Amino acid sequence: MKQRLFLSVLCILFLMYDAIPRFQIDLTLEGAFFSLWLVFAIMALGGNLAGLFFDRTRVQSMPEEDSVTGLRKKQYSR
């Protein structure tokens with residue numbers, strides 16, 4: 001999965017590197033399209049970088065008292 005995210009980041013950076021010198025931001029339809037394209041490219045880049053740097057499959061460690069017995073204590077209300 002890390003390889004896919006890294007490849008996505010590289011592709012997005014290449015597309016931004018190729019596209020940014022070609023367009024100018026102005027008040028035309030082309031400028032509006034480029035502005036939206038740039039916003040979505042930055043969002044895609046941020047999402048892929050977040051997925052690359054923050055692993056969601058981290059194992060949460062159990063508290064010491066639970067790891068000794070291997071069973072969780074039942075908690076009752078009141």
Side-chain angles (χ1 to χ4, degrees):
M1 179 156 166
K2 296 280 186 184
Q3 294 86 4
R4 182 189 60 85
L5 293 172
F6 184 68
L7 185 61
S8 297
V9 167
L10 287 179
C11 288
I12 292 169
L13 287 175
F14 172 74
L15 289 173
M16 290 176 70
Y17 173 77
D18 189 42
I20 288 176
R22 296 175 190 231
F23 293 111
Q24 295 178 356
I25 298 177
D26 51 4
L27 295 175
T28 63
L29 188 59
E30 181 182 345
F33 172 79
F34 176 66
S35 300
L36 286 174
W37 184 88
L38 191 60
V39 166
F40 286 130
I42 291 172
M43 288 173 55
L45 182 65
N48 283 307
L49 285 175
L52 193 61
F53 291 132
F54 300 111
D55 189 15
R56 63 181 160 159
T57 59
R58 290 184 185 167
V59 177
Q60 295 179 351
S61 60
M62 294 175 58
E64 255 184 58
E65 61 188 32
D66 290 343
S67 63
V68 173
T69 61
L71 300 173
R72 291 191 169 257
K73 294 180 181 178
K74 293 184 180 180
Q75 295 179 353
Y76 300 101
S77 60
R78 297 187 191 177

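All values reported here derive from a predicted model rather than from experimental measurement.
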Membership question, hydrophobic clusters at under 4.5 Å side-chain separation (ILVMFWY): are [Y] and [X] in the same one?
X: Leu13; Y: Phe53; result: yes
X: Trp37; Y: Leu45; result: yes
X: Phe40; Y: Ile12; result: no
X: Leu15; Y: Leu49; result: yes
X: Val9; Y: Leu7; result: no

Is a side-chain N or O of Asn48 found less than 3.5 angstrom from the main chain of Ala44, in a donor-acceptor match?
yes

For the CD atom of Gln3 and the OG atom of Ser8, what is their distance to the nearest 0.5 Å?
11.5 Å

CG of Leu29: more than 12 outside heavy atoms within 6.0 angstrom?
no

Minimum heavy-atom distance between Met16 and Pro21, given as atom pair plus value:
O-CD, 4.4 Å

If we only count heavy atoms from C-beta on, is the Leu38 to Phe34 side-chain gap below 4.5 Å?
yes

